[in-house]
Amino acid sequence: MHNLEIANRLEETASLLELQEANAFRVRAYRNAARTIGDLSEAVAEMVGENPEDLKNLSGVGKDIAAKIVQLVREGSFPLLAELRAQFPAGLLQIMHLPGLGPKKAALLHKELGIQNAEELKAAAVAGKVAELKGFGKKTEQTILASLEQFDRFGQRVLISEARAAAERILHDLELLPGVAQAAIAGSCRRRLETCGDLDLLVTSADAEGAMAALAQHDLVESVLAKGPTKQRVRLRDGLELDLRVVPEESFGAALQYFTGSKEHNIVIRRRATERGLKLNEYGLFDGETAVAGRTEAEIYEAVGLPWIPPELRENRGEIELAEQNALPDLLKLEDIQADLHMHTTASDGTASIREMIEAARERGRKYIAITDHSKRVSMANGLDATRLRKHWAEIRKIREEYSDIDVLLGVECDILENADLDLEDDVLAEADWVLAVLHYGLKQPREQIMLRLLNAIRNPHVCAIGHPSGRMVGRRAGADIHYPDLFKAAADHGVMLEINANPHRLDLDDLQAHAAREHGIPIVINTDAHSTAGMDVMEYGVDQARRAGLTKKDVANTRSLKQFQRLLRTRS
DNA sequence: GCCGTTTTCGGCCCGACTGTTTTCAGTCG
């Protein structure tokens, strides 16, 4: 059992306890334990096997929760969770996590209107029944409908981080099978979309039955939904569905190309084949009955007059034209990244100390970082006022002296307040090496006010970059209503960078806006926004997003050495 | 339910906003 699974059960327990109106601190205890375990690099299941007493050394895990984890790992059972699940319909958890709703309102909807899931909530809201409930009203009803619409659009899709973790684990295990020669992930997961609706795996094997049997028995697989001689569809324990296709070696490239998509990209590629008197399908590229290509993707692209196109670009958004002119961008790679300029410590809401974060960054090969704890407005995250921030910086100054192979910038993640002021005075910001200005609150303000806030921040001479510009959460919450052309113009005029926040829940800027920002000549920074040492590992998702935006090493500021990076920063007054 | 300790129980990140009320509960981050 993986840490994430354990953390998910604890998190679900916390949510269900909330619905039950249990003691708020008990709820928090489960949530804290879930977070600790989710952020942990050692496997909890192994700790249970070796020395279960060690669990109690984890912060937020005491006698009770440790015992529950042991039982979960050893016996696969979690009685408290089972009992809670029996009390509330599963759909209620989704409802309570909709923006504008929480445990209290969700419980009331369930109690008063018997609502069990999102569909029933929608029907009740449309019928105007929600507004009649005590504590609700017309506005709340509208908020609910808007949240449901967002939820519908996301549907059953899961974040790329979750999809990849599952796909890569299964792929790895299939690769170890004796009969399997080649194996690959295809589909949206290979294209590194923000979310995946399902997973596609391809293998070549002398023993198709063996590969499918191994998949059916895989510990991530819950059930087999369909099975034929070359294709098997299974449902994973987390609900995601996965297609495995066993293809002949001479068709592997064709199948990979075909099942990677996108549909729009493939339509154009197939048309190019037709124009050349050829036919392209998942088995190969054919001249009449004769296969002329199919073993690799590259030979298929070559046969239709193109260089191989990276999967991240395959959306028919201009990549085929670039390929024709041999002008495909040399996309950014994870190893190009030299720095991480957005992270938190225990000074605000991070879980690791300054020293721990510096060392974790070194282990990941970063040459310089910025420590950017929250400003005071984010009181829930223990944000820093001027006095505490200055003390924090003094501490960082002292500690960074111990390290000769990594530079540490004095940073801050400064809120842009609802009234467009910055959360810290200019004299404080002037002392920072790196000021990241961000929106956290009032994201639903009208466009004019949002733009006033962003432009005001950009005009401030101390602001270096705008972090997670829209504030969106993938699949959960649309971001602020930004007029991007104005944002880009202002950022370009004032030499302010824009962030791609690499957290898979954010990925903000998105690929299209990151591409547009690059067109304006704005340097992009890709940062993890880590709240723990393990949080630094999400950099790859930010890099993937940049690749989808067509960005190269030179488009991304934190691929440079510190000296070169500082030259890119606007002149500091 | 966890933590730290004054070792047995009190404190646990909280201020602002929203939409509902007519003084505040619920939600947000």
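Bear in mind that the values here come from a model prediction, so they are computed numbers and not experimental data. All values below come from the heavy atoms of this structure, side chains included, with hydrogens, waters and symmetry mates left out. Note on naming: letters A, B, ... go to the chains in the order of the sequence lines (proteins, then strands), and numbering restarts at 1 for each one.
- One C1' atom belongs to dG1(B), the other to dT8(B), and the distance between them is 15 Å to the nearest Å.
- Among dG1(B), dG26(B), dG19(B), the nucleotide with an atom closest to any side-chain atom of Lys139(A) is dG19(B).
- Taking atom P on both dT21(B) and dT27(B), the two are 14 Å apart, rounded to the nearest angstrom.
- A straight line from NZ of Lys105(A) to C1' of dC28(B) spans 12 Å, rounded to a whole angstrom.
- For dC2(B), neither phosphate oxygen OP1 nor OP2 lies less than 4.0 angstrom from any side-chain nitrogen or oxygen of Ser59(A).
- Nucleotides dC12(B) and dT20(B) are separated by 33 Å at their P atoms, to the nearest Å.
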Protein-to-nucleotide contact annotation, 5' to 3' order, nucleotides 8-15 of chain B [B base; S sugar-phosphate only; - none; under 4.0 Å, heavy atom]: ----BBBS

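- Within 6.0 Å of CD on Glu425(A) lie no more than 12 heavy atoms contributed by other residues, nucleotides or ligands.
- Glu401(A) and Lys398(A) are not joined by a salt bridge, as no carboxylate oxygen comes within less than 4.0 angstrom of a charged side-chain nitrogen.
- Contact check on Arg377(A) versus Glu418(A) returns a salt bridge, with a Lys/Arg side-chain nitrogen under 4.0 Å from an Asp/Glu carboxylate oxygen.
- If you measure from atom CG of Asp64(A) to atom P of dC3(B), you get 11 Å, rounded to the nearest angstrom.
- Protein atom CD of Glu132(A) is 19 Å distant from nucleotide atom P of dG19(B), rounded to whole Å.
- Val27(A) comes within 4.0 angstrom of no nucleic acid atom, judged by non-hydrogen atoms across all strands.
- With 3.5 Å as the limit, one finds no donor-acceptor pair spanning the side chains of Glu12(A) and Tyr30(A).
- The same atom, P, is picked in dC13(B) and in dC17(B); the two are 23 Å apart, to the nearest Å.
- Map Tyr30(A) and His440(A) each onto its nearest nucleotide of DNA chain B; the residue landing nearer the 5' end is Tyr30(A).
- Rounded to an integer number of Å, the gap from CZ of Arg26(A) to P of dC2(B) is 10 Å.
- A salt bridge does not link Glu11(A) with Arg35(A): every distance from a Lys NZ or Arg NE/NH1/NH2 to an Asp or Glu carboxylate oxygen is 4.0 Å or more.
- By the 4.0 Å N-to-carboxylate-O rule, Asp555(A) lies close enough to Arg518(A) to be salt-bridged with it.
- Counting any heavy atom pair closer than 4.0 Å across all strands shown, Gly442(A) reaches no nucleic acid atom.
- Across all strands, Leu439(A) comes closer than 4.0 Å to no nucleic acid atom at all (heavy-atom distances).
- Residue Leu80(A) is out of contact with every strand shown, counting any heavy-atom pair closer than 4.0 Å.
- Partner assigned to dT8(B) is none, using Watson-Crick or G-U wobble distances below 3.5 angstrom.
- Between Glu194(A) and Arg548(A) there is no salt bridge, since none of the side-chain N atoms of the basic residue sits less than 4.0 Å from a carboxylate O of the acidic one.
- When distances are taken from the side chain of Thr140(A) to each of dG1(B), dG19(B), dC17(B), the shortest belongs to dG19(B).
- Cation-pi geometry between Lys105(A) and Phe136(A) is satisfied (NZ or CZ under 6.0 Å from the ring centre, within 45° of the ring normal).
- One interatomic measurement links the two molecules: NZ of Lys134(A) to P of dA25(B), which rounds to 10 Å at whole-angstrom precision.
- In this structure, Glu21(A) atom CD and dA25(B) atom P are separated by 13 Å, rounded to whole Å.
- How far CZ of Arg362(A) is from CD1 of Ile358(A): 9.0 Å, rounded to the nearest 0.5 Å.
- Going from the C1' atom of dT6(B) to that of dG11(B) covers 14 Å, rounded to whole Å.
- Each of Phe136(A) and Gly102(A) was matched to the nucleotide of DNA chain B holding its nearest heavy atom; the match closer to the 5' end belongs to Phe136(A).
- Nucleotides dC2(B) and dT7(B) place their C1' atoms 15 Å apart, quoted to the nearest Å.
- Between the NZ atom of Lys104(A) and the C1' atom of dT20(B) there is a distance of 16 Å, given to the nearest Å.
- When the C1' atom of dC3(B) is taken as reference, atom CD1 of Ile65(A) falls 12 Å away, rounded to whole Å.
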